[in-house]
Trainee: 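Starting off with a structure, shown below.
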Amino acid sequence: MNHKKRIAIIPGDGIGREVIPEAVKVISASGAPVEISHFDWSAERYLADGVTIPPDGFAMLERDFDAILVGAFGDPRIPSNIHAKEILLGMRFKMDLYANVRPVRLLDAALCPLKGVEPKDIDFVVIRENTEGVYVDVGGCFKQGTPDEIAVQEDINTRKGVERIIRYAFEYCERNQKQDGSPRKQVLMADKANVLTHAHGLWQRVFKEVSGEYPQITAQHMYVDALCLQMVRDPRQFDVIVTNNMFGDIVTDLAAALQGGLGMAASGNIHPGKTSMFEPVHGSAPPIAGRNIANPFGAILTAAMMLGHLGLVAEAARIEGAVLEAVRQKKTTQDIGGTLGTREAGEWVAGRASAYN
Ligand code: NAD
Ligand code: IPM
Ligand code: MN
């Protein structure tokens, strides 16, 4: 019997094609028992033969793999972004990966743009609903191209969808510790219930109900605009944040800035018990693509998150430790103050994370 974890690798576009090979290098160096298969689904492939994802693609991923590691999608030659929609949002929706887990951790004080903030001060996680909201692409245009044009984009919030993501956040809080070993204690829901009275009224009612089942966890609430203020003013106060698809997208770019930028942020698209997909928070960054300057650490930390999810906890910890050491020793790309290229930073971490040291 094969005990190796089967990983599908989809680098995608732009810097995804540079950072993912570094993540793969580090996984191999860590000695993690994995079997890796590459897929070329990307802008390049779409432009070549019109394929975004083959007809049986999602079923094949679910059937043949334990996890998926993805780079990024987005290419200026495809302004409709149709391939990103079909591949990336396709995986999230069609594989029902309902929890987008985005940890926010400061590895070194030097990386944070805020004054007087230490690594112990920033260690929270954003749990983003990943299968509903305005992302469902329900809507349409009427009288397009006329002065009377109307555009409608629906915001879908189901009782089932809202309940499962809020419950996931409470379960996450209960089961996960902070980096320093202390327990997580608080779940904060961010919404805009003062304006989106119907949609976020549902979130409010469900949050109240589910939080009642977890009396040991402090339940808090903030409107999303206030959350943005507080994240910059005092990020120490956050622990587990749960929010809808669109707000989760926006606040995790803001939160990435607290960690040293988009090059440092990791994420997982998870459905417990099913094949889940892991990707850095950043996009394909076309202006810096192909120049060996993109920061590979977000992708490498994402790979560690994936290994941890697969139960390869020692390998994940070794990789995280190696990235931490690289940051401390400034063996990094320029965006976070180092002088190394993408490949050189990846090599350094791979050497440090090596199981054969
Ligand atoms: P982006 O994340 O690609 O870039 C935003 C900024 O962060 C840019 O200044 C970029 O240079 C910088 N940056 C991002 N990753 C970096 C890294 N690893 N190292 C150093 N700097 C980094 O976002 P964008 O510019 O808004 O979008 C570009 C394309 O990517 C668009 O097509 C967008 O739709 C797509 N996108 C895809 C994903 C994804 O596939 N998960 C996520 C976000 C954006
Ligand atoms: C992200 C990205 C995606 C999103 C885009 C590329 C569809 O910004 O993963 O954060 O909006 O979810
Ligand atoms: Mn985003």
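Start at 1 with the first residue, then count along the sequence. When a ligand or atom number is given, it counts from 1 through the structure's own listing order.
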Trainee: Consider only side-chain N and O atoms of Glu171 and Tyr214, and report whether a donor and an acceptor are under 3.5 Å apart.
Mentor: yes

Trainee: Please compare Arg128, His282, Arg92 and report which has the shortest non-hydrogen distance to atom 9 (O) of ligand 2.
Mentor: Arg92

Trainee: Tell me how many protein N, O or S atoms are closer than 2.8 Å to the Mn ion (ligand 3).
Mentor: 1

Trainee: Please check if the distance between the ring centroids of Phe207 and His221 is under 6.0 Å.
Mentor: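 Between Phe207 and His221, the centre distance exceeds or equals 6.0 Å.
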
Trainee: I need the minimum non-hydrogen distance between Ala303 and Ala23, along with the two atoms involved.
Mentor: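 Smallest heavy-atom distance, with atoms named: CB-CB, 4.1 Å.
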
Trainee: Starting from atom 6 (C) of ligand 2, which protein heavy atom do you reach first, and at what distance in Å?
Mentor: Leu88 CD2, 4.1 Å

Trainee: For Arg92 and Thr131, indicate whether the former's side chain and the latter's backbone hold a donor-acceptor pair under 3.5 Å.
Mentor: no

Trainee: Give a yes or no on whether the backbone of Ile78 and the side-chain of Ser80 come within a donor-acceptor separation of less than 3.5 Å.
Mentor: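 Between the backbone of Ile78 and the side chain of Ser80 there is no qualifying donor-acceptor contact (under 3.5 Å).
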
Trainee: Can you pull out the closest protein heavy atom to atom 10 (O) of ligand 2? Residue, atom name and distance to 0.1 Å, please.
Mentor: Asp249 OD1, 2.8 Å

Trainee: Would the number of heavy atoms belonging to other residues, nucleotides or ligands and lying under 6.0 Å from NZ of Lys94 be above 12?
Mentor: no

Trainee: Sub-3.5 Å donor-acceptor pair from the side chain of Glu18 to the main-chain atoms of Asn292, do we have one?
Mentor: yes

Trainee: I need the Met222 CE to Leu188 CG distance, nearest 0.5 Å.
Mentor: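 Output value for this atom pair is 5.5 Å.
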
Trainee: Considering heavy atoms of the protein only, find what lies nearest to atom 11 (O) of ligand 2 and give residue, atom and distance to 0.1 Å.
Mentor: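 Protein heavy atom with the smallest distance to atom 11 (O) of ligand 2: Tyr135 OH, 2.6 Å.
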
Trainee: For ligand 2, is there an atom lying under 4.0 Å from some heavy atom of Met246?
Mentor: no

Trainee: What heavy-atom pair brings Ile336 and Met264 nearest, and what distance separates the two atoms?
Mentor: CD1-SD, 3.7 Å

Trainee: When you measure from the side chain of Asn295 to the backbone N and O of Thr333, does any donor-acceptor pair fall under 3.5 Å?
Mentor: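 No, because the side chain of Asn295 does not come within donor-acceptor range (under 3.5 Å) of the backbone of Thr333.
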
Trainee: Once rounded to the nearest 0.5 Å, what's the spacing between atom CD of Glu22 and atom CD1 of Ile15?
Mentor: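 Spacing of CD (Glu22) from CD1 (Ile15) equals 12.0 Å.
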
Trainee: Under a heavy-atom criterion of less than 4.0 Å, does Phe73 contact ligand 2?
Mentor: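 Contact absent.
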
Trainee: Considering only protein heavy atoms, which is closest to atom 7 (C) of ligand 2, and at what distance to one decimal place?
Mentor: Leu89 CD2, 4.1 Å

Trainee: Who's the nearest protein heavy-atom neighbour of atom 1 (C) of ligand 2, and how far?
Mentor: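 Nearest neighbour among protein heavy atoms for atom 1 (C) of ligand 2, to 0.1 Å: Arg102 NH2, 3.4 Å.
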
Trainee: Please confirm whether the ring centroid of Tyr46 lies under 6.0 Å from the ring centroid of Phe73.
Mentor: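 Centroid separation for Tyr46 and Phe73: 6.0 Å or greater.
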
Trainee: For ligand 1, what are the residues with a heavy-atom contact below 4.0 Å?
Mentor: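 Near ligand 1, by chain and number: Ile15, Ala72, Phe73, Gly74, Asn81, Leu88, Leu262, Gly263, Glu279, Val281, His282, Gly283, Ser284, Ala285, Pro286, Ile288, Ala294, Asn295, Asp335.
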
Trainee: May I ask you to decide if the ring planes of His200 and Trp203 are parallel, tilted or perpendicular, using 30° and 60° as cut-offs?
Mentor: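 Perpendicular: the ring planes of His200 and Trp203 meet at over 60°.
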
